[in-house]
Structure formats: structure tokens, C-alpha cells
Amino acid sequence: MAPPTFKDANFPLSDGRTYHVGTKYGEVANRIITVGDAYRARNIASHLDPIPKPYEFTSKRQFFTITGRFKGVPVSIVAIGMGLAVTDMFIRECRAVVSGEMVVIRFGSCGSVDRTRGQIGQIVVADASVCVSRNHDYFFGHVPSFVPPAAPLGAPYVFSKSVPADPTLASLLESRLSAVLGPESVCRGLNASTDYFYPSQGRNDPHFDDSNTSLIDDLCKQYPNMLFFEMENYLLFHMALCSQRRTIKGPQESHDGVSSSFPQGNLRAAAAAMVFAQRASNGFVTPGM
Ligand code: R1P
Ligand code: URA
């Protein structure tokens, strides 16, 4: 088969298909559940109505989309992989092929930083999210062969301001999960999305100077309601914020001219995660827990 021909370097499309997620208009619902991996996506998709048969598409970059109906309501489940960069691709490329308000809920796994709340196997729901990023410049100052830049190198990690989840969606998510799993299995608090799994979540690695021994304590001091680490929610909530800013600024042209004109409605987002790692006790989830 001939390789696809993409047009428009600003927002590449080939026959209406997006560059990384690979879906086109009509293949994605405006209610989306996003997860990290394809197994979880299939698991969730097993609850979709069997008729009509859900549509599945795996892109060459391994974004995996399943679109079907749940009790008659159209919904897509999209497995995106890990991190901020893929979250950006996922949101923008789905937004480009969906009309109307877009509602996204993420179900991830996470590491809990609270000593009492967020035990292994519990579900945590994000009120809001903070971004934790590694300040790469900081590390120049420690190596004699590198001349440190003249400007101050700052702290090794930067904590952003928090951005809220959609409050209605987050409350709905919490109450539905509590009703199904029992209120003792669900708790709510602040999330930190990190740019890396190891250094920016305060993990110790003897092979590298990560200057992160006080990271969790510093983060919890600055944000006393801090509950869990994962790697995508902040961007999801931040893009919801930016979609609202765009609405305020007024209509724009769509990328492909197919999905009418922008804005087609805001993005709303919320997130829940299962605690896989308890950082205070150093425990980790086991299969079947
Ligand atoms: C790291 O192991 C991954 O697990 C979490 C983090 O956000 C990161 O993507 O979520 P998922 O289980 O959804 O991938
Ligand atoms: N996902 C994360 O990002 N961190 C953890 O500790 C576990 C899952």
C-alpha cells in the first residue's frame, strides 16, 4: 500500500486522518475515556454495547481508538501511551475530528504520596493538577567540565501553579466510583503530573545525580493536599483551560474544513487513577490485588 500523503505542515492531515492518532471525522465520539495502554482500553471497551460492533483503529504510532456505544451513548476509548507530549497529540488530533463539546476522562495508574490516604488499590480522583518539571539547566553547575551559564541555575525541579479539573465532572466521577466500589475505596485530592517517571517523582537512582531527595517533601509542603503522581492529567486540564480561552477569543477556521468552524464547544476534563505505588511505604501493586 502506498504511504499516506500528508498535507499542511502546520497540522498534517492525510485524507482527513490526523498524523499520530490517525483517526478522521466520524471515528471519534465527543465523550472520550483515555488510558495509557491498549489492554486497559480493551478491558473498558468490553462494557460497550455489542451492537453496533465497536470500531477499532490502531495508528502507526500505536494510538489505539475504540469507538462504540454505552447504553446507546456514543463513546470512544483511546489508549495514548505515556507522558505530556502524547497527551498534547491526542487532545489536539481528537479535537480536530470531533464536533461540539468534547468531554475527556482519564483512567490511569498512579503513585500516592500521602501517608494515610491513597492506599494501594484505591482510586484517587483529581481536584486539580500541578506540573512538576525537571530544570535541566540546574545540573550544569555540578559538572566541572561544563561551564555553568551566567544566569542563576535555580532549583532542580519546578512546581507549576495548579489547574482545576472540571468540578462537575470530577464530582460525578467521584460519586459514581464511590457508588460502585464503596466510598472507602475512593478519595479525592491534588495531583502532580511529572515530566519523567523517575527523577521528577523523587525516585532514587544510584547511577545519576537527580538532586531529588527532598522533592516529595517540598511538593507536599507547598501543596498540603497533594495526593498522587502520574504523568498526563495536568496537560489535559490545562488544555481544557486553553480551549475556554479560545472560546473567549472567538471562532477560528477548522483544520480540515470538514468539522465546521471553531470553536465547536469547550473541552472539559477530569481524571481518576488507581494507586499502584505507595511512595511512603514503598509498596507496589501486585496482580489480583
Ligand atoms: C507510568 O508508569 C505511566 O503510568 C501512569 C502514568 O501517568 C504514566 O503514563 O498512567 P497510565 O497507567 O495510564 O499509563
Ligand atoms: N504511575 C506513575 O506515574 N507513578 C507511579 O508511581 C505509578 C504509576
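Each ligand, and each atom within it, is numbered from 1 in the order the structure gives.
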TODO: Note the single closest protein heavy atom to atom 3 (C) of ligand 1, along with its residue, its atom name and the distance in Å.
DONE: Met82 SD, 3.6 Å
Task: Check ion pair Arg92-Asp88 (N to O, under 4.0 angstrom) - done: yes
TODO: Just let me know how Phe197 lines up against ligand 1, side chain, backbone, both or neither, with a heavy-atom cut-off below 4.0 Å.
DONE: side chain
Open item on the list: Could you work out, for atom 10 (O) of ligand 1, the closest of Met231, Arg106, Gln201, Glu230 by heavy-atom distance?
Closed with: Arg106
Open item on the list: Under 4.0 Å from a heavy atom of Glu232: which atoms of ligand 1 are those, numbered in the order shown and with their elements?
Closed with: 6 (C), 7 (O), 8 (C), 9 (O)
- [ ] Spell out, as yes or no, whether a donor-acceptor pair under 3.5 Å connects the side chain of Asn212 to the backbone of Arg203.
- [x] yes
- [ ] Look at the side chain of Ser59 and the backbone N and O of His20, then say whether any donor-acceptor pair between them is shorter than 3.5 Å.
- [x] yes
TODO: Identify, for atom 4 (O) of ligand 1, the protein heavy atom at the shortest distance, and state residue, atom and that distance.
DONE: Ser109 OG, 3.2 Å
Task: Electrostatic pair Arg31-Glu101, nearest N-O below 4.0 angstrom - done: no
- [ ] Measure from the ring center of Phe6 to the ring center of Tyr19 and say whether it is less than 6.0 Å.
- [x] yes
TODO: Please determine if Arg279 forms a cation-pi arrangement with Phe229, meaning its NZ or CZ atom is less than 6.0 Å from the six-membered ring centre and no more than 45° off the ring axis.
DONE: no
Open item on the list: Can you list, by chain and residue number, the hydrophobic cluster partners of Tyr55 when the side-chain cut-off is 4.5 Å?
Closed with: Phe57
- [ ] State whether Asp210 and Arg134 are salt-bridged, where the test is any N-O pair (Lys NZ or Arg NE/NH1/NH2 against Asp/Glu carboxylate O) under 4.0 Å.
- [x] yes
- [ ] Quickly, which of Gln222, Lys161, Met226 forms a side-chain contact (heavy atoms from CB on, under 4.5 Å) with Val130? Name it, please.
- [x] Met226
Task: Any N or O of Gly81 closer than 3.5 Å to N or O of ligand 1 - done: no
Open item on the list: Taking non-hydrogen atoms within less than 4.0 Å of ligand 2, which protein residues qualify?
Closed with: Ser109, Cys110, Gly111, Phe197, Gln201, Arg203, Phe229, Glu230, Met231, Ala277
Task: Sub-4.0 Å atoms of ligand 1 with respect to non-hydrogen atoms of Arg40 - done: 11 (P), 12 (O), 13 (O)
Task: Close N or O approach (Gly36, ligand 1; < 3.5 Å) - done: yes
Task: Those atoms of ligand 1 less than 4.0 Å from some heavy atom in Gly108 - done: 13 (O)
- [ ] Examine the side chains of Glu230 and Ser193 and answer whether a donor and an acceptor come within less than 3.5 Å of each other.
- [x] yes
